[in-house]
Amino acid sequence: MYSVEFIENKLKILDQTKLPFVEEYINTDDVERISQAIEKLEVRGAPAIGITAAYALALSIKNSTIEKIKNNFYSAVNRLQITRPTAVNLFYAIDEMKKFFEENFNKKNLYLLLIEKAKQIHSNDINLCERIAENGLSIFKKKSNVLTHCNTGFLATGGNGTALNVIKKGYENNLIEHVFVDETRPLFQGSRLTAWELEKLKIPFTIITDSTSAFLMQQNKIDLVITGADRITLNGDSANKIGTYNLAVLCNYHKIPFYIAAPYTTIDFNSSDKSKIKIEERNKKEIFKIGNHKITKEIYQAYAPAFDIIPNELISGIITDAKIFSKPYNFINV
Ligand SMILES: CSC[C@H]1O[C@H](OP(=O)(O)O)[C@H](O)[C@@H]1O
């Protein structure tokens, strides 16, 4: 299974808002519909939205006349660029596709070439996921109880995932005792998506509320924490799902290793530190409801940042496709 697949000249998106109860797909070749799928988190996860954008850019010229190719392509660039601001993988993929478009603009079969480029970005991520998982094995000093936050499995990537793929590989090597899964409010990527993936993988897990992690740490029930990232700056400051900073601070207090797993496509080589990271702010209504069920009055004030920032000093190691980086982090020459 994949979060997204390119089949019969359309993008097939597994609608993650319907999981874990319904496996329903969005089949489309329309850039606007794909952009909305990213904004509504029907497809989500830093690498997955980059891959999705790459296919969308190829599809943007699928039925173009020669005269309209440039306008259609760059309109799609502009539309996709404003979908979600934090995951740098989105902008990495857009830049890769733009460069390829400009280099091959005069070629007759440009649409097919762009599709092949998008497929290359997709298959590259499949490979990066596996290398992250292999590199991550060394973080397990014994059979461990692991806590993770949000969703970082195949639903969030083009392959088998980042942090959740490290957990998968660890389990396959008899290094995982149990996985604690933060539900991850307000959109429940943990209790809906990570739980669904771990069920499929037959890995033992327990869902907890986001506020339970501290109590588990206090009882010495967590051996390590591993999460993903949406943007990592050159000095290792990292943005990830809201609530990750809480975990990093707790790990520091309880002397529990805190790891981040991410491919190089999540490293922002243009940003020196956390001051440069733009945090997506979502509609406050996402806090006021669970699914379609309202839980309080929408007239109330609320604040819904989708991510927070983990300063590099709280990160025990950053597991990438190249290796595990340690402090002091410096990704300039990666
Ligand atoms: C492997 S990247 C997963 C990353 O993306 C998630 O954010 P969202 O669900 O809003 O796309 C979360 O930050 C995960 O760590």
Side-chain angles (χ1 to χ4, degrees), residues 2-4 13-17 19 35 37-53 83-93 122 124-126 128-133 136 147-168 181-197 210 225-232 238-248 258-268 277-283 286-287 304-310 315 318-321:
Y2 290 101
S3 53
V4 294
I13 298 170
L14 175 54
D15 181 351
Q16 298 188 32
T17 62
L19 292 174
S35 302
I38 293 172
E39 290 168 338
K40 294 193 281 188
L41 278 73
E42 289 169 324
V43 58
R44 45 142 300 280
I49 63 178
I51 293 160
T52 299
T83 51
R84 298 186 73 191
T86 305
V88 72
N89 312 60
L90 171 68
F91 304 95
Y92 178 83
H122 190 165
N124 181 47
D125 189 65
I126 294 171
L128 297 178
C129 287
E130 290 319 298
R131 286 161 54 185
I132 289 168
L147 171 67
T148 192
H149 192 71
C150 198
N151 171 257
T152 57
F154 82 81
L155 290 169
T157 63
N160 285 326
T162 57
L164 202 58
N165 203 20
V166 172
I167 290 172
K168 173 179 180 287
V181 177
D182 271 353
E183 64 178 351
T184 315
R185 277 192 55 79
L187 297 179
F188 302 99
Q189 288 92 327
S191 54
R192 291 188 306 108
L193 307 179
T194 296
W196 183 73
E197 290 199 50
D210 299 334
V225 173
I226 183 168
T227 76
D230 293 79
R231 188 181 293 246
I232 301 171
S238 299
N240 197 54
K241 183 53 50 200
I242 190 76
T244 307
Y245 176 52
N246 307 38
L247 291 174
F258 173 84
Y259 289 99
I260 279 182
Y264 74 87
T265 49
T266 303
I267 298 171
D268 178 359
I277 300 177
K278 179 168 173 38
I279 296 295
E280 176 185 7
E281 201 170 314
R282 305 233 6 128
N283 188 316
E286 291 180 349
I287 294 179
F307 302 99
D308 55 25
I309 294 174
I310 304 87
I315 305 172
I318 299 179
I319 306 163
T320 74
D321 45 280

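Note: hydrogens, waters and symmetry copies are ignored here, and every other heavy atom, side chains too, is used. Start at 1 and go down the list; that is how both ligands and their atoms are numbered.
Closest to atom 1 (C) of ligand 1 among all protein heavy atoms lies T162 OG1, 3.4 Å. In terms of protein heavy-atom proximity, atom 12 (C) of ligand 1 is nearest to C150 SG, 3.3 Å. Of the protein's heavy atoms, D230 OD1, 2.5 Å lies nearest to atom 13 (O) of ligand 1. Scanning the protein for heavy atoms near atom 15 (O) of ligand 1, the closest one is N240 OD1, 2.5 Å.
Within 6.0 Å of NZ in K40 there are more than 12 heavy atoms belonging to other residues, nucleotides or ligands.
Of all the listed residues (K241, Q16, R231), K241 holds the heavy atom that lies closest to atom 7 (O) of ligand 1.
Here Q189 has side-chain heavy atoms under 4.0 Å from ligand 1, and that is the only part of it that gets that close. Of the heavy atoms in T227, none comes closer than 4.0 Å to ligand 1. With a 4.0 Å cut-off on non-hydrogen atoms, A48 does not touch ligand 1 at all. Only the side chain of R84 comes within 4.0 Å of ligand 1, counting heavy atoms alone; its backbone N, CA, C and O stay farther away.
Listed by chain and number, the residues in a side chain to side chain contact (heavy atoms under 4.5 Å, CB included) with Y2 are E5, H122, I126 (sequence neighbours excluded). Taking the salt bridge (charged side-chain N to carboxylate O under 4.0 Å, His left out) definition, one finds that E130 meets it with nothing, sequence neighbours left out.
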If you apply the rule side-chain contact (heavy atoms from CB on, under 4.5 Å), what do you find for Q16 with Q189, and how did you get there? CA-CA 9 Å; Q16 298 188 32; Q189 288 92 327; over 6 Å; no

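With D230 contributing its side chain and A87 its backbone, the two residues share no donor-acceptor pair below 3.5 Å. A donor-acceptor distance shorter than 3.5 angstrom exists from the side chain of E197 to the backbone of F154, with no hydrogens or angles considered.
For the atom pair L128 CG and T157 OG1, the distance stands at 10.0 Å (nearest 0.5 Å).
For the pair P47 and ligand 1, the shortest N or O to N or O distance does not fall below 3.5 Å.
Of all atoms in ligand 1, listed by their number and element, those nearer than 4.0 Å to a heavy atom of A229 are 2 (S). The contact set between ligand 1 and N151, taken as ligand atoms under 4.0 Å from a residue heavy atom, comprises 3 (C), 14 (C). Ligand 1 places these atoms under 4.0 Å from at least one heavy atom of T152: 15 (O). Close contacts of ligand 1 with R44, meaning ligand atoms under 4.0 Å from a residue heavy atom, involve 6 (C), 8 (P), 9 (O), 11 (O).
Using a 4.0 Å cut-off between a side-chain N of Lys or Arg and a carboxylate O of Asp or Glu, R185 and D210 do not qualify as a salt bridge.
The shortest side-chain heavy-atom distance between L155 and L19 falls under the 4.5 Å cut-off.
Under a 4.0 Å heavy-atom criterion, G45 is in contact with ligand 1.
Only one option out of I226, I310, L147 pairs with F258 in a side chain to side chain contact (heavy atoms under 4.5 Å, CB included); it is I310.
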